[in-house]
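Presented below is the structure to which this report refers.
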Amino acid sequence: MLRLLIGGRSLPNCESNYFSKLLHSSRCLHTSYSPIPNYIQTSSNESRSHSREIDIDLLFHSSTNTHLAKRLHALLIVLGKVQSLFLSTRLLNLYSNLGHISLCQQTFDQISEKDVYTWNSIISAYVRNGIPSDAVNSLYKMLKYEVKPDFYTFPPVLKACRNLNDGSRIHSLILRTGMEWDVFVAASLVHMYCRFGLFDAAYQIFENMPFRDMGCWNAIISGFCQNGKGEKALEVLEEMRIEGIKMDSVTVSTILPVCAQMDDMVQGRLTHLYVVKHGLELDLFVGNAFINFYAKFGELEQAQKVFDSLVTRDLISWNSIIAAYEQNNNPDRALNFFHEMLMYGFKPDLLTLVSVASSIAQSRESQSSRCVHGFILRRCWFEKDVIIGNAVVDMYAKLGDVDSARKLFYKISLKDVVSWNTMITGYGQNGLANEAIEVYHTMVETEYVTPNQGTWASIIPAYAHIGALKEGAATHGRVLKTGQLFDVFIGTCLIDLYGKCGKMEDTMNLFNEVSKTSSVPWNAVISCLGIHGHGETSLKLFRDMIDDGVQPDTITFISLLSACSHSGLVEQGEWCFDVMQQDYGIKPGLKHYGCLVDLLGRAGQLEKAYNFIKNMPLQPDASVWGALLGACRIHGNADLGKLASDRLLEVDPDNVGYYVLLSNIYANAGKWDGVNRVRSLANSKGLKKTPGWSSIELNNKMEVFYTGNQSHPQCDEIYGELENLTAKMKILGYIPDYSFVLQDVEEDEKQHILSSHSERLAIAYGIINTPARTPIRIFKNLRVCGDCHTATKFISRITEREIIVRDSNRFHNFKDGVCSCGDYW
DNA sequence: TTAGGGTTAG
């Protein structure tokens, strides 16, 4: 061991005490105690007379952060030791451990006579710091300088090759040097070939090894695990067991993520027993792997137990427990752990912030979103990894702040497919289907990303939302080309698309094709049948689902209840509500209560619905009172309507829809003072009525009409057509229902207002621009007004066309003067 | 002094 003589006037008298402090400093990452400045002060000429022997090795060990490492570097310069090959190589390794690759390079360049240690050190520094190409180049330079590689040289070089996807040259070099059966070299080769997907080559090397240590076993297992061959990994594990070789902590932490991936809880639990029996539970990697394992199965108690039992915790332990709660819908707990982690002095990394952003989105803590954004911005993490940008875009979108989401999205320089999917989903979730479609088109045009399952799952619902059947069907074609048709999620999205576009035949065909082992496709088809008014068929499918042994969930019952509601199946709906609780132990949530109120209310049982609300064990929310208010609108009950809206304005004062409904009720009853009161209340709150719009797809383009639109190029033709139609309708007995006109104006004007409702503009546009007697499909963002409903029935008879209108609530299929909903909606 | 095989991700 190299020792130095340094003077020590101001050194502590008690050397053992001093060293214990020094050692202490090397163990505590967060200490502010720095022994090195003392050395520099004490190394002046005058103090050298009182020289002492100091172990420089300890100084290397105590340099646990960049500041201390630089001090040590300065000390070596002061002592004139920087030219020492041994010390400068150690310094190089120190910088490498601390992640300072440029300082490594500087130190390396200053060394004039480099030996094999020096070359090995710089190679491993490049690998560790993520510059594999420089690592390989260094090997070739080393050969040029005629320094012979040794057993230490190749493992890191092979690791570099793994990331460069090229290893044949190095492999032949290794063969020439005769080092291929060194356990470290061989293990590296095995792992490299697994990464290349050359599993047979990897296994062949593994099989031919004259000697295998744990590292070799782990290399083949982890090689299989990390490259999608989990089952093969388990086979090797079995081989290991037969040969009587015990798993170590590395094996365990490698195998656990695979158990989770393969949904193999049993294997994971057995591994846990093994770990306890063999005393591996104190290993940090093992503990962390178990936290993640249990979190994936939603077993938070177990995950928490493992976390609590850890003797030491690192950043990954904290990240894992935060992610565990975040991914299992407990964002508050996740955020608590984040704060606790900060209190313990841990510095969060990029992955911590990914979980934090998602937690904030879930907990609707919009105030914190800016802090998170700023925190990441200050650290320049957006440039470091696209995952964090995606997470923050998702956070903003989930919080409803689409503007911020979009701004950040366009700032992400290297968008990956997830970035695009996140933005498309974000728009979709906020009801901006047209924007979602626009982003999707840009994504397809950019060509550097290939749409994947996530893309289909985000774009198809957007098409379904606005009823863009042709574009949706074209996407279906694209999905078919990729061979992803039978994926349940995409299949369900398509079922929903065709269902919402009125293509029930296609819906049922698709439903027959997809795998029906989960409740997801059942729920979709039950809900589609519901909005078409096929309540009885929905109930039949529910029975089929039970016969098939598929467990219904809370969504199944929401779909069923709403199907019953649309078809006026009151008794059956009440039966569903009971069965849900008694047979399936599902506690009704607010949505179920809302559906039942809707069911009773639509059927005219307003008092029963009101009593039902009064006896609810949950605090009724806006959807429940909203259902009652809607029913009051249909049945013209102004008193109960007023009561419902009073409650509504307490729980959700900013929702314009309720003001509109109430003003509708008043208008219907001719109470114009009530209408004005509601309108001025809404105005005083700065609320604007959601503009009604309808869309129609023509020549693969969506044409959108807002109520009262006067700027369309075919405006005159459209209004002319409507006038024409109204005249014919009146001959056939159409009487306009002015109660749907909210404004207190003259009758002529009321007629004009009714005729400029967006759905009528879209229908007239369709009539003008499509061949006679072909069907017309319209989508409306709000509910179709009663007068338009009546008018459309007449129009379908006059034009001999099928007119399919999908509104925000359900489906209307007008044919020969009648509507499929039987005027019950 | 230098090396292989390990845990967290939208």
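By convention in this document, chain letters (A, B, ...) are assigned in the order of the sequence lines, proteins followed by strands, and residues within each chain are numbered from 1.
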Checklist outcome for this item: In numerical order, the residues of residues 112-132 of chain A whose heavy atoms come under 4.0 Å of DNA chain B are Tyr117(A), Asn120(A), Ser121(A), Ser124(A), Arg128(A)
Next on the checklist: Can you classify the ring geometry of Tyr325(A) versus Phe337(A) as parallel (below 30°), tilted (30 to 60°) or perpendicular (above 60°)?
Outcome noted: parallel
Checklist outcome for this item: Rounded to whole Å, CZ of Arg313(A) lies from P of dT7(B) at a distance of 21 Å
Checklist entry - Would you say dG6(B) has OP1 or OP2 under 4.0 Å from some side-chain N or O of Gln226(A)? => result yes
Next on the checklist: Side chains of Val386(A) and Ser419(A), heavy atoms from C-beta outward: is any pair under 4.5 Å?
Outcome noted: yes
Checklist outcome for this item: For Cys161(A) and Gly167(A), the nearest pair of non-hydrogen atoms, with its separation, is CB-CA, 4.1 Å
Item to check | Pair Phe206(A) + Trp217(A): ring centers closer than 6.0 Å | outcome: yes
Checklist entry - Which nucleotide in the set dG4(B), dT2(B), dT1(B) lies at the smallest distance from any side-chain heavy atom of Phe86(A)? => result dT1(B)
Checklist outcome for this item: Here the distance between atom P of dT1(B) and atom NE2 of His61(A), to the nearest Å, is 7 Å
Item to check | Closest listed nucleotide, where the reference is the side chain of Pro155(A) and the choices are dG4(B), dT8(B), dT7(B) | outcome: dG4(B)
Item to check | Closest to the Ser188(A) side chain, choosing from dG5(B), dT2(B), dG4(B) | outcome: dG4(B)
Item to check | Check: Pro155(A) and Val185(A) side chains under 4.5 Å, non-hydrogen atoms | outcome: yes
Checklist entry - Nearest to the side chain of Val286(A) - dT1(B), dG6(B), dT7(B)? => result dG6(B)
Checklist entry - Can you find a donor-acceptor pair, distance only, under 3.5 Å between Asp213(A) side chain and dG4(B) base? => result yes
Next on the checklist: How many whole angstroms separate atom CH2 of Trp217(A) from atom C1' of dG5(B)?
Outcome noted: 13 Å
Checklist entry - Nearest to the side chain of Ala187(A) - dT2(B), dG4(B), dT7(B)? => result dG4(B)
Checklist entry - At their closest point, which heavy atom of Leu68(A) faces which heavy atom of Asn65(A), and how far apart are they? => result N-OD1, 2.8 Å
Checklist entry - What is the nucleic acid contact for Asp416(A), judged by heavy atoms within less than 4.0 Å: base, sugar-phosphate only, or nothing? => result base
Item to check | Spacing between Leu189(A) atom CG and dA3(B) atom C1', to the nearest angstrom | outcome: 13 Å
Checklist entry - Could you give the CZ-to-P distance, from Phe290(A) to dG6(B), as a whole number of Å? => result 17 Å
Checklist entry - Got a donor-acceptor contact below 3.5 angstrom from the Asp213(A) side chain to the Cys216(A) backbone? => result yes
Item to check | hbond_proxy Asp283(A) side chain to dG6(B) base (donor-acceptor, 3.5 Å cutoff) | outcome: yes
Next on the checklist: How close do Ala357(A) and Val372(A) get, counting heavy atoms only, and between which atoms?
Outcome noted: CB-CG1, 4.4 Å
Checklist outcome for this item: Minimal heavy-atom distance between Ala397(A) and Asn430(A), with the atoms involved, is O-ND2, 3.0 Å
Item to check | Spacing of Asn288(A) atom CG relative to dG6(B) atom C1', expressed in whole Å | outcome: 10 Å
Checklist outcome for this item: When rounded to whole Å, the CG to C1' distance for the pair Asp150(A) and dA3(B) reads 9 Å
Checklist entry - With Arg241(A), which residues qualify under salt bridge (charged side-chain N to carboxylate O under 4.0 Å, His left out), at least two apart? => result Glu238(A)
Checklist entry - Ala289(A) side chain: which of dT7(B), dG6(B), dT8(B) is closest? => result dT7(B)
Checklist entry - Which word best sums up how the rings of Trp420(A) and Tyr448(A) line up, parallel for under 30°, tilted for 30 to 60°, or perpendicular for over 60°? => result perpendicular
Checklist outcome for this item: Winner on side-chain proximity to His191(A), out of dG5(B), dT1(B), dT8(B), is dG5(B)
Next on the checklist: Any donor-acceptor pair, under 3.5 Å, between the side chain of Ser249(A) and the base of dG6(B), if you only look at N and O atoms?
Outcome noted: yes
Checklist outcome for this item: note: Asp248(A), atom CG; dT7(B), atom C1'; distance rounded to Å ~ 14 Å
Checklist entry - Which nucleotide sits closest to the side chain of Ser253(A): dA9(B), dG4(B), dG6(B)? => result dG6(B)
Next on the checklist: Below the 4.0 Å mark, does dT7(B) have OP1 or OP2 next to a side-chain nitrogen or oxygen of Ser320(A)?
Outcome noted: no
Next on the checklist: Applying a 4.0 Å non-hydrogen cut-off, can you work out what Ser317(A) is touching in the nucleic acid: base, sugar-phosphate, or nothing?
Outcome noted: nothing
Checklist entry - Using a heavy-atom distance cut-off of less than 4.0 Å, which residues of residues 158-183 of chain A contact DNA chain B? => result Lys159(A), Arg162(A), Val183(A)
